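Keep in mind the model is a prediction, meaning the values are calculated, not measured.
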Amino acid sequence: MNSGKSGSMMARKSSSLVSQVAMYASSNVLVLAAGLLSFPITTRLLSSEQFGLLTFWESGMLVIIAILKLGCSDGVMRFYPHSHDPLDSRRYVTNIVLPPIVLGIGGWLICMVAASILAYCGYLDHPLLLFLALGQVLPQVWGPFAFRILQARELAAINSTLSVIWRWATVGAVLSTLFWLTKSAVGVLGAKLLVHWLVVGGLVIWLLPSLPFSTQAYDRQQVVAGLSYGLPLALMEISNIALWYLDRLMMKWLLNDYAVIGIYGIGFALASYLDQLLTSAIAQSLTPVAIRLYATEGAAAVRALKRRVLRPITYLIFAVGTGLIAGGTDFLTMLASADKVGAVPVFKWVGIFFLVRAWLNVASEGLLLEKRSRVVFVLTLLAALINALANVILIPLIGMMGAVYATGISMIGLQLLFFVYCPRDLKALPDAVVVLRALGGCLLSLTLVWSTGLFGLENHLVRFLVAGLFIALVFGM
């Protein structure tokens, strides 16, 4: 009888987990679709200079957000009390949720005061943009806390629905502003500011009654435990953001040309969508299985899994990379317009770097399986420092493309470091025969594209589709 009840409970939990995975997967697709819809419209309506201003200030804002979160959004979920005891709930809110929020508000006020002083002294080129960017910091710090609480409560439907609403409301507000009010970075940041405060503010107000706190529940040890858990994660997040977005800050310093930053930002942004589609899909499918196998069957089972996965991924990455080389110009021109064609080299090179990173990431997966997060943080910080040094050397020599190559050096270098430090029994490489076949498919596809000249077609969409057909035929053989 007990066995039957246990089986029934397990079945319900399994069904609930499947439905939650489906909800989150669906929301991810819808969120990504919003970005793919807004990208071509935004790049066409904004000049290169305005897009440069936008990407520059938003990149700086991401660094501030990462600092003020203190890495504690993960702790909010990790320390969530599932006992439903009122005392545990008060201790949780008082010691885990409130301290990073209070510290974040204090840090934000310091940023606002510093920005006001710099603006008053005339040290800022665009003070309004800075204040609009800083105005978005608090809701984007509080948002992850609120969504993590929903995730801890297993409210997948509410969590995923609000994520989609937030993203699409932002897209709607931005596009409405660009079409009917002003085609400027000020308009975009102002629209985002309004939506962020409405969505996150409404969510926080809704959650507050269920988040009791009390001064009597204060426990210094629990506060320290929560902040200690989050600090390494915060440092890792800051290092990652510095790794990916330091190039904009370096170009501002070394080139001081927002139009160049805009062209670079367009190419990088489009390549990042490719990264989200591929890398995220691989991580979401591989990581949970690898963790389970490592815990139940050991390193050999994980290594065997990685080798099986590397075979189809190798063909996929080479096929996508071939499409990037053959059709990247048509794809970007089709989305961003002909006057943004200068972003094509950035899109192609950064896209290839992302593909190589995804490939190496599978081979080097292992440090976090052994919970060596400190090693991951140190290596990520090292890569960020290499990025900064490479930018300082290369940007003055070759301009915008120097930032591209600096990104590639640090990005690929980081994955190679992960592979070197990966435990020997978790390392895996694809079969040489698979790599040679994939490389042969790439060369044959490019030969067909270049020898035919795509039949002299001029329409970018048609050219892109024909090139894609050649690649699909070759890699499908």
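The CH2 atom of Trp206 lies 7.0 Å from the CG atom of Leu203; values are rounded to the nearest 0.5 Å. The OG atom of Ser364 sits 4.5 Å away from atom CD of Gln415, with the distance rounded to the nearest 0.5 Å. Atom CG of residue Leu175 and atom CH2 of residue Trp180 lie 9.0 Å apart, to the nearest 0.5 angstrom. Between Leu198 atom CG and Leu193 atom CG the span is 9.5 Å, to the nearest 0.5 Å. Rounded to the nearest 0.5 Å, atoms CG (Asn459) and CE (Met334) are 9.0 Å apart. For the atom pair CG (Asp247) and CD1 (Ile395), the distance works out to 7.5 Å, reported to the nearest 0.5 Å.
Among pairs with a residue in residues 107-120, none fulfils side-chain hydrogen bond (donor to acceptor under 3.5 Å, both in side chains), at least two apart in sequence or across chains. Sorted pairs that involve residues 36-57 and meet salt bridge (charged side-chain N to carboxylate O under 4.0 Å, His left out), not counting sequence neighbours, are lacking altogether.
For the residue pair Thr182 and Gly187, the shortest heavy atom distance occurs at CG2-CA, 3.7 Å. Across all non-hydrogen atoms, the minimal contact from Ala336 to Ile266 is CB-CG2, 4.2 Å. The two residues Tyr218 and Asn95 make their nearest non-hydrogen contact at CA-OD1, 3.3 Å. Scanning both residues, Val195 and Thr170, for their nearest heavy atoms gives CG1-OG1, 3.5 Å. Nearest heavy-atom pair, Ser410 versus Asn387, reported as atom, atom and distance to 0.1 Å: OG-ND2, 3.1 Å. Listed here is the closest heavy atom pair of Val350 and Ala271: CG1-CB, 3.8 Å.
Heavy atoms of other residues, nucleotides or ligands lying less than 6.0 angstrom from CH2 of Trp57 number more than 12. No more than 12 heavy atoms of other residues, nucleotides or ligands lie within 6.0 Å of CZ in Phe213, so this atom counts as exposed by the packing criterion.
Taking 4.5 Å as the limit, some side-chain heavy atom of Ile41 sits within range of a side-chain heavy atom of Phe179. Leu178 is listed as a side-chain neighbour of Val188, based on a closest heavy-atom distance under 4.5 Å. Looking only at side-chain heavy atoms (C-beta outward), Val200 and Val204 come within less than 4.5 Å of each other. Within the 4.5 Å cutoff, the side chain of Arg248 has heavy atoms near those of the Phe268 side chain. Side-chain contact between Ile325 and Ile352 is present, with at least one heavy-atom pair separated by less than 4.5 Å. Side chains of Leu162 and Leu150 form a contact here, defined as non-hydrogen atoms less than 4.5 Å apart. Looking at Leu379 and Phe418, their side chains come closer than 4.5 Å, going by heavy atoms from C-beta outward. Side-chain contact between Lys192 and Pro139: absent, with no pair of heavy atoms (C-beta onward) separated by less than 4.5 Å.
Under the 3.5 Å distance criterion, the side-chain polar atoms of Thr43 are matched with a main-chain donor or acceptor of Phe39. Under a 3.5 Å cut-off, the side chain of Thr333 and the backbone N or O of Asp330 do not form any donor-acceptor pair. Judged by distance alone, the side chain of Trp197 and the main-chain N or O of Gly135 form a donor-acceptor pair under 3.5 Å.
A donor-acceptor contact closer than 3.5 angstrom links the side chains of Lys348 and Thr329.
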task: Decide side-chain contact (heavy atoms from CB on, under 4.5 Å) for Tyr264 and Val404; before the verdict, give the C-alpha distance in whole Å, the side-chain angles of both, and the deciding distance to 0.1 Å.
output: CA-CA 8 Å; Tyr264 179 87; Val404 174; 3.6 Å; yes
message: Using side-chain contact (heavy atoms from CB on, under 4.5 Å), reason through Trp142 and Ile105 one step at a time and then give a plain yes or no.
response: CA-CA 10 Å; Trp142 295 343; Ile105 293 174; 3.9 Å; yes
message: Go through it in stages, so that I can follow the logic: the residues are Gln140 and His196, the test is side-chain contact (heavy atoms from CB on, under 4.5 Å), and I'd like the CA-CA distance, side-chain angles, deciding distance and then a yes or no.
response: CA-CA 7 Å; Gln140 295 210 65; His196 293 339; 3.6 Å; yes
query: Under the side-chain contact (heavy atoms from CB on, under 4.5 Å) criterion, do Trp253 and Val392 qualify, and how do the steps go?
result: CA-CA 10 Å; Trp253 172 42; Val392 170; 3.9 Å; yes
message: The test is ring pair (Phe, Tyr, Trp, His ring centres under 6.0 Å); show your working for His126 and Phe56 and say whether it passes.
response: CA-CA 11 Å; His126 303 87; Phe56 175 78; 9.1 Å; no
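In this structure, Lys69 fails the cation-pi test against Phe145, since its NZ or CZ atom is not both closer than 6.0 Å to the six-membered ring centre and inside 45 degrees of the ring normal.
The aromatic rings of Trp166 and Phe147 lie parallel to each other, their planes meeting at an angle below 30°, with 60° marking the opposite boundary.
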